Structure formats: structure tokens, C-alpha cells
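Notes follow once the structure below has been shown.
Small disclaimer: the values here were computed from a predicted structure and weren't measured.
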Amino acid sequence: LPCLKNLKMLGCDNLTSVSLKGLMNLQPPIFEYLSTISSLSLQGITSIEVLKLHNNRELTNISLLDMPNLKVIELAHQPQLENLIVEDCPHLTILGLAGNSRLEELTLENCIELTQLRLFMCTILPDYSYLADLPNLEKLDLRWNRDLQLPTWLHDIEVRGCLVYYPLPQ
């Protein structure tokens with residue numbers, strides 16, 4: 001089905017996993033009504049420039065691979081989201097993750113144009129080593145993240161409106 005342009009999945013109450021590969025012409029939005037899925041995998045979909053997902057209560061794993069035209073990802077309030085993999089999305093400029101309090105693993109590979117990374121209220125993320133592979137990153141939002149472990153190689157840090165003291169690396 002490489003020519004598929006529109007996909008609507010309605011009344012799929014028992015659907016737990018969605019994996020779409022190589023659908024070059026698929027147009028968003030395609031996941032508005034999938035409240036029961038726990039795993040979402042998109043690969044090789046060249047037509048999507050903006051992907052927004054909000055309030056998917058069961059979603060635990062998202063994999064976005066080889067999406068060369070993807071520019072913006074907004075994943076807000078996915079309360080069960082634990083793993084996010086974004087690879088080979090070279091034109092991605094904004095990744096917004098707000099209120100994903102269970103996010104434990106974030107993989108970013110070949111997202112070289114990423115300029116904004118918002119990890120607002122993503123309270124568990126233990127490792128920020130992937131930041132070293134983001135040469136164009138201009139804005140990093142870590143508001144409301146507890147137990148923050150900042151990387152020691154950062155050259156510039158701007159801190160505003162902190163309600164909690166975070167020790168800076170030596």
C-alpha cells in the first residue's frame with residue numbers, strides 16, 4: 001500500500017500496537033482516536049512534517065525512524081510513555097515532550113538540525129548524553145524535572161525561575 005494517503009482507524013478498541021512502514025504519501029493526523037495503543041512505530045513515511053500526539057493514556061513506546069521531512073514532534077501528556085526512539089530525521093528542528101513523567105529512555109540519532117528540545121516535566125530521564133550529538137541545539141527546556149543531572153561538557157547554561165536548587169556540575 002505505498003500509495004495510501006489517508007488512514008483512519010476508528011472503533012479499534014482492542015488495538016494495542018501500530019506499525020507503519022514505507023507509506024510515503026500518508027497524511028497526518030492518523031492517530032487521534034487510538035487511545036488503547038501501547039506501541040507506535042513509524043518508518044520511512046516521507047510526507048509527515050508535523051507529528052502531534054496528546055493524551056494517549058496507554059502509549060509506552062514510540063519509534064520514529066527514517067522520516068526525512070519530519071520537522072516537529074509534539075508529544076504531550078503521554079502518562080505511560082517510557083521509551084522514545086527518533087532516528088534518521090535529519091530535518092527535525094523541534095522536539096517537545098511535556099508532561100511525560102515516566103519517560104526513561106530517549107534515543108536521538110541523526111537529528112542534526114534539532115534546535116529546540118523541550119523536556120518539560122519529564123522527571124525520570126537519567127542520561128543526557130545524546131545532547132552531545134545535537135550540534136545545532138539552541139534551546140533546552142528542563143523545567144520541572146527533579147533529580148536533574150546536567151552533563152559536565154555543557155558550555156552555557158541558562159537557569160530561570162527555579163523553585164528547587166540543582167547543583168551544577170564541577
Side-chain angles (χ1 to χ4, degrees), residues 1-111 114 116-131 133-134 140-149:
L1 298 170
C3 296
L4 184 67
K5 289 185 180 183
N6 295 300
L7 176 63
K8 291 182 182 179
M9 293 184 252
L10 304 170
C12 304
D13 295 337
N14 295 320
L15 186 65
T16 60
S17 180
V18 174
S19 180
L20 302 173
K21 183 176 179 180
L23 299 173
M24 297 177 152
N25 299 311
L26 190 63
Q27 298 297 314
I30 53 177
F31 308 110
E32 290 180 11
Y33 305 104
L34 298 178
S35 60
T36 61
I37 64 169
S38 61
S39 178
L40 173 63
S41 176
L42 304 179
Q43 183 175 358
I45 301 175
T46 59
S47 58
I48 296 179
E49 292 185 8
V50 176
L51 180 64
K52 293 184 179 186
L53 294 173
H54 301 281
N55 297 314
N56 291 68
R57 299 280 177 215
E58 301 299 321
L59 197 53
T60 58
N61 297 293
I62 299 175
S63 178
L64 306 171
L65 309 173
D66 189 26
M67 297 179 65
N69 296 317
L70 187 60
K71 295 177 183 172
V72 177
I73 299 171
E74 293 286 347
L75 303 174
H77 306 290
Q78 314 293 325
Q80 302 299 320
L81 185 62
E82 296 174 356
N83 300 299
L84 173 60
I85 299 170
V86 182
E87 293 180 2
D88 298 318
C89 299
H91 296 291
L92 182 66
T93 57
I94 298 172
L95 175 55
L97 302 170
N100 300 303
S101 59
R102 290 193 179 190
L103 187 63
E104 294 177 358
E105 185 175 331
L106 174 59
T107 302
L108 296 173
E109 292 185 11
N110 193 21
C111 300
L114 192 67
Q116 293 184 37
L117 179 58
R118 296 190 301 266
L119 299 171
F120 180 75
M121 291 177 26
C122 297
T123 56
I124 297 179
L125 275 175
D127 179 22
Y128 295 100
S129 62
Y130 51 83
L131 294 176
D133 297 325
L134 303 173
L140 176 61
D141 184 347
L142 298 171
R143 287 179 289 157
W144 297 99
N145 290 337
R146 62 179 182 248
D147 300 327
L148 187 62
Q149 300 294 320

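L81 and T60 get closest at one heavy-atom pair: CD1-O, 3.5 Å. N83 and L103 get closest at one heavy-atom pair: N-CD1, 4.1 Å. Minimum interatomic distance between C111 and L134 (heavy atoms only, all atoms of both residues): O-CD2, 3.7 Å. When all heavy atoms of I37 and S17 are compared, the pair lying nearest together is CG2-N, 4.3 Å.
In this view, E58 satisfies the salt bridge (charged side-chain N to carboxylate O under 4.0 Å, His left out) rule with no residue, not counting sequence neighbours. Under the rule for a side chain to side chain donor-acceptor pair (under 3.5 Å), E109 has no partner lying at least two apart in sequence or in another chain. Evaluation of the side chain to side chain donor-acceptor pair (under 3.5 Å) rule for D66 yields no partner, not counting sequence neighbours.
Note: L95 CG to L119 CG = 7.0 Å, rounded to the nearest 0.5 Å. In this structure, the separation between CG on L42 and NZ on K21 is 12.5 Å, given to the nearest 0.5 Å. Atoms CD and CD, on E82 and Q80 in that order, are 7.0 Å from each other to the nearest 0.5 Å. From L92, atom CG reaches atom CG of L64 across 9.0 Å, with rounding to the nearest 0.5 Å. Here the NE2 atom belonging to H77 is positioned 14.5 Å from the CG atom belonging to L59, to the nearest 0.5 angstrom. To the nearest 0.5 Å, the span separating CG on L40 from OG on S63 amounts to 8.5 Å.
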Take D88 and L65 through the test side-chain contact (heavy atoms from CB on, under 4.5 Å) and record every step on the way to the result.
-> CA-CA 6 Å; D88 298 318; L65 309 173; 6.0 Å; no
Only pairs under 3.5 Å count here: list side-chain donor-acceptor contacts from residues 67-76, not counting sequence neighbours, and write none if there are none.
| unit_1 | atom_1 | unit_2 | atom_2 | d |
| --- | --- | --- | --- | --- |
| N69 | ND2 | T46 | O | 2.7 |
| E74 | OE1 | R118 | NH2 | 3.2 |
| E74 | OE2 | R118 | NH2 | 2.3 |

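Between L106 and L84, some side-chain heavy-atom pair lies under the 4.5 Å cut-off. Between V86 and L114, the closest side-chain pair of non-hydrogen atoms is not below 4.5 Å. Considering only heavy atoms from C-beta on, L53 comes within 4.5 Å of I62 through its side chain.
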